[in-house]
Amino acid sequence: MKHNAFDVIVVGGGHAGCEAALAASRTGVRVALVTHRRDRIGEMSCNPAIGGLGKGHLVREIDALDGAMGRVADRSGIQFRMLNRRKGPAVQGPRTQADRVLYRHHMQSEFTNTDVAIIEAGVDDLIMDSNRLCGVVLSDKSEVLSKTVVLTAGTFLRGIIHIGDVKQEGGRVGDPAAKLLASRIEDLGLPLGRLKTGTPPRLASSSINWEILEKQAADEDPIRFSFLDSGPLSRQISCGITHTNEKTHDIIRTNLSKSAMYGGHIDGVGPRYCPSIEDKVVRFADKSSHQIFLEPEGLTSDIVYPNGISTSLPQDVQEQYVRSIKGLEAVEITQPGYAIEYDYVDPRALDHRLSVINCPGLYLAGQINGTTGYEEAAAQGLIAGLNAALEVNESTPFVLDRSQAYIGVMIDDLVTRGVAEPYRMFTSRAEYRLALRADNADQRLTQLGISSGCVGEIRRNEFALKADDLSRANSLLRTHFATPDKAISAGIKVNRDGQRRSVFELMARTETLPEHIFALCPDAEKIKPSIMQQISTDALYASYIERQARDIETLKKDAQILLPLDLDYRQIAGLSNELKTKLGATRPSSVAQASRIDGMTPAALNLLIANTRKLHRKLA
Amino acid sequence: MLDTIFAPATALGRAGVGIVRISGPQAHEVGARICGSLPDARISAVRWIRDPRDGSKVDQALVLKFDENASFTGEPVVELHHHGSPAVVSQLIEVLNQQSGVRLAEPGEFTRRSLDNGCLDLSQVEGLADLIDSDTDSQRRQALRVMDGELSRLVASWRADLLRSIALTEATIDFADEDVPVDVLPEVRALLSQVQNEMRHQLNGAKAAGHIRTGFEVAIIGRPNVGKSSLINKLSRRDVALISEIAGTTRDVIEVRLDVSGQLVTFLDTAGLRETSDVIEGLGIDLARKRAQAADLRLFLLEPGQSEPDDSVQRMSHDLVIHGKDDQGLLGGISSRTGAGIDGLLETVGRKLGDLADGSSLLIRERHLTAMRSGVGYIDIAMASMAHDSFAIEIIAEDIRSAIVSLDKLVGHVGVEDVLGEIFSSFCIGK
């Protein structure tokens, strides 16, 4: 079969693949998405939920760059809850459970008004021309040529599914594993590792005794993901809460040896967190019960996802222990839980664009890089797809650093340090957490996205309006000063220290209310409440962000001292063997990145800088 | 805008002259503050260096001023050529450290600035490699090696407490919707309070200075009867000042402090290293091994017939391997009985330690003290924030993080993975 040539081919239609294809398409290049099954585009393989702490931040950032995840989650979300609602804005994380079917439907709709060609096929091989990638070979042996390829194979590379001691190849239950592709990746010399993850059994809602269970309702005023209006909200539902008990634990303990994870049937490293119920029972033996969230998979679905009991015990044991749980005494398991082990590529083989250093034209994004979670995958997909398109257009790459976005934190962690377990985003990973908030993702990223060409017209216009409002409001509030006396008479308690403070500074105090501000500065009443809120939040953290300004300056300065990718670290006298190995694996592109390698010392860094200067002089 | 930094530029030891360099935007201002006034650029002048806090004299020195773009680092620089005794350097560093606008340089910082401003030429760049070889290794062992057992223990407990407090804080932030205890603040408060009190105690009582050794450590390692003790005895009876003889905290390490070519050196006789299979003594032997590993230099003594050291202590590139009991002088070794080779050995040791100048404990002690002061400051802020009714947990987390970062030199690096590890091992998390 003859195919057209493309600029970007995206392999895989999961969360990473969709964002990659859509982002590339927004820049105007010719994109093809190759997937085993087009009806599985946008499938949520595990937990039917989007967002959370850290993850919610990623979704906002994806949306700020005009990615799809935020909008799609908004349209298919059935239980919106803002986490950490009572804590500060910097650590609040939007989250929703989603209707699986609706999510898929809306994600697939994202493709309708684009020129993305969807090709339903497996990819068995990559086409190489000397060292350069130039296309893919499909399972029917036909070739599709392209200037760049973004591989987002998820857990499909040599994926093996385990239920107890029953194992079968598969990328996900119901889908085949990608074995030939895995071999090809290995042949390219890319370092592979093996990871594992698990999923719980799915339950039939109609067989659950909901009456006796506690409920958790959605927020009364749901806060959605997208910075743009996503349209009407779906019907909101509650999820159920139950707990395991000693009987459950006994059953599990007795049968531990039959667990694929515990029985030694699986290679691969699992996460320290998100442990299976087997892990929980063993590692925290003195806990008499563990919480389980019963999450309906959709408004019209009979399937419930019991969050908290991932397992790889045999089917019959699953039935036993699940039925020992309150509310689930008569439950029917529609799909047993399972563990999956899969290949991943050591992400240190990539640069910050997610391009494979040794194989120009090839990009990797998503779980294939050792991450876990839809949001982590989607964010990588966006970056990889965008950069593939920018490469085709010979434009400046789009790279975010640690001070700009959680996306930047994640990618830098991956390509600099690699992964020791499936990588999941937490707010504690971001040293500039107070600046990287979910509420200001658009402030940080939309303009950058506009400059790179991945932001569509609607968002561009909306953003211009908002930016304008913010700019005028900021001007007003930062340049309007008040003496202590004035502040006190407006209702704000300050020290009578003769210091004049701007209204912005006064907004940093949590006790300052809008009426106080209006009393001091009547013009402020004209400011939109959402804009006012934004500026309040900025004010709250301003001094802390100031504190970090110097570090960020150093970060940016060091990021400009570039290191050659082919620098032979073994030849640099004075470096410890440990550092030589790590530098060789990461191949940092800058001094900033080198400084983040575990065990790097200032002296060694100086040596790198000196050697680079030496090289420049030799060439000059 | 970069900070202004200072550091000794010369090896510490009893020499005639030492140089302390100040570099950065405030260099001239700080220099003028302690010297009264500065001469014109590149003209040396004699000045009395005084402590601005009380006007007391520190030393009479030759002072040089260099302008921006016409100095070693490319920044404004002041050089103080002072009398070279350790006491003077020590006081000078202390005075400068207490001044606003200037701070003790980090390892490698001067070199970094020179590099950044293109002020090092090729041959100097090549020379960096040798300097760095020992530098890289020694930096890693700095913290452990410079503190005695008691302070090391305290520091280990501070690290554990700080790690726990940040882990608790981060757990409530990052795992809000899972099964973690909501009210961690009492425990966090208790942990921070303890660390704060103990650090203040150290700072106030100048105990840190007592616990942090100045001078170098040389470990003597070898099989039981190879003559370690004899060597030490011989060394102490040589024409070197015996400063003190301190029994180690365990009977497995005997320390003897001597003055070798102007350097304060503590020789460690790891007598008990291989002599027992007793469990309790085994713990002591482990400590002895760690001390030996953490020392600046190891002397491996070989007995007649032995060709290679076979101890469980790792040999570093700059360590010495010597034949002991070489009474005939055939192997170029030493003999405690005849005294042959001892002078040469001392000279070699003195030279090697001189090369380790930048890792000197004087600077390390100052860095530790600065780190403690700064860390206590941030802990104070965190505790103060927690005292308010409405505080923000993420801001407290930020303050604790700042405290941990500033204590990095003291307690070692505490990274995200350490925090996550602490969280996951303590709480059953993961849906």
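So that the names make sense, note that chain A is the first sequence line, chain B the second, and so on, each numbered from 1. The basis for the numbers below is simple: all heavy atoms, side chains too, and nothing from hydrogens, waters or symmetry mates.
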Query - Presence of salt bridge, A:R429 and B:E417, under 4.0 angstrom - result: yes

Report task. Kindly say whether the aromatic ring centers of A:F284 and B:F427 come within a distance under 6.0 Å. Result -> no

Report task. Would you give the length of the straight line joining atom OG of B:S114 to atom CG of A:N606, rounded to the nearest 0.5 angstrom? Result -> 9.0 Å

Query raised in the report: Quick one: salt bridge (charged side-chain N to carboxylate O under 4.0 Å, His left out) partners of A:R596, sequence neighbours excluded?
Result: A:D412

Requested in this report: Applying salt bridge (charged side-chain N to carboxylate O under 4.0 Å, His left out), name anything that partners A:K556, two or more places apart in sequence or on another chain.
Outcome: A:D401

Query raised in the report: Is there any residue in residues 398-408 of chain B with a non-hydrogen atom under 4.5 Å from a non-hydrogen atom of chain A, and which ones are they?
Result: B:E398, B:D399, B:R401, B:S402

Report summary line: Taken to the nearest 0.5 Å, the spacing of B:D116 CG from A:K557 NZ works out to 4.0 Å

Report task. Please report the shortest heavy-atom distance between A:A90 and B:E394, naming the atom on each side. Result -> CB-CG, 4.1 Å

Query - Verdict with supporting geometry, B:I423 and A:F426, side-chain contact (heavy atoms from CB on, under 4.5 Å) - result: CA-CA 12 Å; B:I423 294 175; A:F426 300 109; over 6 Å; no

Report summary line: Distance col, row A:T427:OG1 vs B:F175:CZ, nearest 0.5 angstrom, shows 8.5 Å

Query raised in the report: Can you name the salt bridge (charged side-chain N to carboxylate O under 4.0 Å, His left out) partners of A:K87, sequence neighbours left out?
Result: none

**Report entry** Main-chain N/O of B:I173 paired to A:N84 side chain as donor or acceptor, under 3.5 Å
**Finding:** yes

Query raised in the report: What part of B:L420 lies closer than 4.5 angstrom to a heavy atom of chain A: side chain, backbone, both or neither?
Result: both

Query raised in the report: How far apart are the C-alpha atoms of A:D558 and B:R112, what are their side-chain angles, what is the distance that settles it, and do they pass the salt bridge (charged side-chain N to carboxylate O under 4.0 Å, His left out) test?
Result: CA-CA 11 Å; A:D558 280 356; B:R112 178 62 198 268; 2.5 Å; yes

